[in-house]
Structures are given as structure tokens and as C-alpha cells.
Amino acid sequence: MVIATWNVNSIRARMTHALAFLEARRPDVLLMQELKGLEFPAEDFRAVGYESVAIGQKSYNGVAILSRLPIEMVTNRLAGDDEDTHARYLETIIDTPTKLRVVNIYLPNGNPIGTEKFFYKLQWMDRLIQQMLVWKNDPIPTIIGGDFNVIPEEIDCDKPANWVRDALFQPEPRERYRAMKAMGFVDAFRTLYPDTADAFTYWDYFRQAFERNRGIRIDHFLLSPALAPRLTACEIDKTPRAQEKPSDHTPLLVTLA
DNA sequence: ATGTCAATATACTATTGA
């Protein structure tokens with residue numbers, strides 16, 4: 001089965017792109033982030049064969065999961081902070097037909113460094129790690145996908161000097177991402193391509209960043225230890241990023257046996 | 001330091017977040 005993740009940067013502005021991607025690749029499941037609105041066009045996706053679950057928010061954030069297989073929502077709140085109202089998390093079970101836990105995250109950006117936003121990011125990651133400790137030993141295998149807003153290593157950006165003052169490349173979030181891997185979760189892309197540089201999922205809109213391939217790899221799939229042996233392929237599809245009026249992110253696709 | 005895009009209110013332009 002194929003699962004894709006894509007930060008669309010406004011579902012309203014990117015609807016034609018989303019439908020074109022679904023038609024071109026027909027993934028079984030698509031995780032989307034940054035819907036940027038309360039409206040979600042579930043009927044338009046149903047018309048092309050996808051059920052959906054979504055949690056929206058006015059102006060910011062918002063995540064959805066589209067699925068051609070039966071899907072049920074478990075929760076749209078990440079445990080650990082009842083005051084947190086951001087729409088950044090969707091936990092679902094998909095019948096493949098064996099059960100698979102599919103988690104969609106839009107991890108906080110955290111810029112600028114040292115502000116409340118940065119500490120919110122770190123706390124959000126700590127809360128996610130607590131959840132992952134529970135999932136690690138659960139009989140249902142787990143895949144976590146989405147916009148992690150973390151550049152894991154130097155190889156994951158065009159030039160480290162360009163990112164050293166950015167929250168996405170700070171030691172604290174990178175340490176937490178490494179802790180997730182140390183728990184036994186597997187970074188699908190990097191495991192299959194340990195030495196591939198210049199493989200990015202996001203490029204700034206300005207300074208012709210995409211044309212010059214000055215980007216970063218911040219959209220990821222993490223597979224639980226039980227699921228990792230089923231990893232067979234992982235691909236960054238740059239096609240949508242090359243189209244007119246694109247999102248600043250491009251889709252990442254993973255294939256599971 | 002620069003630059004682009006999308007949403008929204010301050011509303012045919014400015015602010016915020018990314």
C-alpha cells in the first residue's frame with residue numbers, strides 16, 4: 001500500500017493540485033497539513049474515491065487524512081496539554097485489512113528561536129515522544145507522517161550555514177527527532193537512501209529556491225519497529241512543486257508491503 | 001538583509017505566519 005504526506009499550504013488555494021496528485025498517483029492514503037481554514041471539501045474527495053477525516057482551524061494549521069480504505073478517527077488531540085487548541089494532530093486506524101495506526105502531524109514551526117513559539121515546539125515534541133513510547137509496544141503497527149518542521153541532519157539541507165539560526169535546525173528539536181529514532185522508529189526515506197544529499201521536500205517561494213534546489217527535508221514518515229520490516233519504497237515526488245501556484249512543500253510517498 | 005505566498009482585518013493595503 002502507498003501512503004503519501006503533503007503540506008498543501010491552504011486546501012482552498014491548492015484544490016486543483018490535490019485532485020491532480022490523487023489522480024496521478026492514486027495513493028491509498030494521503031495526509032495533508034496546513035489546510036488554513038475551517039472549510040474542508042470532503043464531498044469533492046469522496047467523488048474521486050476518498051473518505052476523509054479532518055480537523056480545521058480558522059486561518060492557521062489544520063490537518064486531514066484521505067483514505068480509499070475504511071478509516072476511523074481515534075482522536076484529533078495530542079495528549080499532554082488540555083490548553084492546546086491548535087489543529088495539528090490526527091490519530092486514525094485504517095483497515096488495510098489488518099489494522100494500521102496512521103498518525104498525521106503538523107509539528108509547530110518554532111520560529112523565532114527563544115520565543116514562546118520555540119518552547120511550544122519543544123513541548124509538543126515531548127508530548128509526541130510520550131505517545132510514541134505507548135505505540136512502540138502496541139500490537140497495532142504505527143506510521144507517523146507529516147510536516148515535522150525538523151531538518152534532522154546536515155545532509156537534509158542545501159547548506160547548513162543558511163539554517164543555523166532557524167528553529168528547524170536547532171539542536172533541541174534535532175535531539176528530539178534523534179530520540180524518536182533511538183526508540184526504534186525508522187525514518188523511511190533516510191533508511192532507504194542513507195547517503196543521498198539534495199533530497200528535499202520544501203523550498204522557499206523566493207530567490208528561485210526550487211529552481212536552484214536550495215531546500216530542506218522536513219516532511220517525514222516514521223515507522224514503528226514492528227512496521228519497519230514492511231518498508232519497501234519511499235519517494236519524493238517533485239512534480240507538484242514544479243506546477244503553477246504550487247505549495248512550498250512537495251509530497252512524500254511511502255510503500256509498505 | 002533580502003524575498004514570496006495565503007488568510008484576514010486594519011479591507012483595493014497592512015499585518016501575521018510560514
Side-chain angles (χ1 to χ4, degrees), chain A residues 5-21 30-42 44 54-64 78 81 83-90 104-125 128 145-152 156-170 172-174 176-177 200-220 236 238-252:
Chain A
T5 180
W6 190 11
N7 179 324
V8 294
N9 187 13
S10 169
I11 189 62
R12 197 191 319 177
R14 226 65 67 198
M15 199 56 193
T16 56
H17 302 72
L19 291 171
F21 174 71
L30 172 61
L31 284 50
M32 296 190 290
Q33 303 85 34
E34 276 212 90
L35 304 176
K36 285 190 166 181
L38 285 166
E39 298 283 316
F40 185 74
D44 296 309
I55 173 80
Q57 182 183 332
K58 190 179 177 182
S59 302
Y60 311 117
N61 309 320
V63 286
L78 175 59
D81 182 1
E83 309 291 298
D84 184 0
T85 56
H86 286 196
R88 299 180 173 277
Y89 181 87
L90 269 182
N104 183 9
I105 66 166
Y106 176 45
L107 210 147
N109 176 297
N111 276 305
I113 299 164
T115 64
E116 200 172 321
K117 289 179 181 178
F118 186 68
F119 296 112
Y120 171 61
K121 175 179 197 158
L122 300 183
Q123 285 159 8
W124 207 96
M125 294 188 83
L128 180 61
D147 179 356
F148 281 67
N149 269 316
V150 176
I151 302 167
D156 297 309
C157 63
D158 58 314
K159 194 171 146 189
N162 290 341
W163 300 97
V164 288
R165 282 169 233 88
D166 196 294
L168 281 58
F169 197 54
Q170 291 313 293
E172 297 92 335
R174 291 174 61 194
R176 283 161 175 79
Y177 191 81
F200 308 131
T201 63
Y202 167 93
W203 300 259
D204 269 337
Y205 282 122
F206 32 81
R207 286 167 286 181
Q208 297 180 292
F210 181 68
E211 290 75 6
R212 296 171 172 169
N213 199 29
R214 294 181 181 169
I216 49 180
R217 192 177 71 92
I218 56 173
D219 299 272
H220 309 298
I236 299 167
K238 290 174 76 171
T239 312
R241 185 63 178 79
Q243 293 169 346
E244 289 295 309
K245 303 286 281 178
S247 167
D248 40 8
H249 295 249
T250 213
L252 175 70

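Naming convention: chains lettered A, B, ... in sequence-line order (proteins, then strands); numbering from 1 in each chain.
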Discussion item. Could you tell me how far dA14(B) sits from dA1(B) if I compare only their P atoms? Round to whole Å.
Written reply: 23 Å
Discussion item. Would you measure the distance from the P atom in dT2(B) across to the matching atom in dT15(B) and give it in whole Å?
Written reply: 15 Å
Worksheet, complete the sentence: By nearest-heavy-atom nucleotide on DNA chain B, the more 5' of Lys245(A) and Asp204(A) is Asp204(A)
Fill in: Pairwise P distance for dA7(B) and dG3(B), with rounding to whole Å
23 Å
Discussion item. Under 4.0 Å, heavy atoms only, any strand: does Phe210(A) hit a base, just the sugar-phosphate, or nothing?
Written reply: nothing
Worksheet entry | Outermost DNA chain B nucleotides near chain A [under 4.0 Å, heavy atoms] | dT2(B) to dA18(B)
Worksheet, complete the sentence: Contacts satisfying salt bridge (charged side-chain N to carboxylate O under 4.0 Å, His left out) that involve residues 200-209 of chain A (not counting sequence neighbours) are Asp204(A)-Arg207(A)
Worksheet item: In this structure, which one of Thr5(A), Asp147(A), Asn7(A) forms a side-chain hydrogen bond (donor to acceptor under 3.5 Å, both in side chains) with Gln33(A)?
Response: Thr5(A)
Practice prompt. Give a yes-or-no answer on whether the side chains of Asn9(A) and Lys36(A) include a donor-acceptor pair shorter than 3.5 Å.
Written response: yes
Worksheet, complete the sentence: Judged by nearest nucleotide, the residue sitting upstream toward the 5' end of DNA chain B, Glu34(A) or Ser59(A), is Ser59(A)
Worksheet entry | Residues in side chain to side chain donor-acceptor pair (under 3.5 Å) contact with Thr115(A), at least two apart in sequence or another chain | none
Fill in: dT10(B) to dC5(B) separation - P atoms, rounded to the nearest Å
26 Å
Item to complete: Please state whether the rings of His220(A) and Tyr177(A) are parallel, tilted or perpendicular, taking 30° and 60° as the class boundaries.
Response: tilted
Fill in: Whole-angstrom distance between dT16(B) and dA11(B), as gauged at atom C1'
15 Å
Discussion item. If the test is side chain to side chain contact (heavy atoms under 4.5 Å, CB included), which one of Ile216(A), Asp158(A), Thr250(A), Asp248(A) qualifies with Trp203(A)?
Written reply: Thr250(A)
Worksheet item: Just checking Arg14(A): base, sugar-phosphate only, or nothing, at a heavy-atom cut-off of under 4.0 Å?
Response: sugar-phosphate
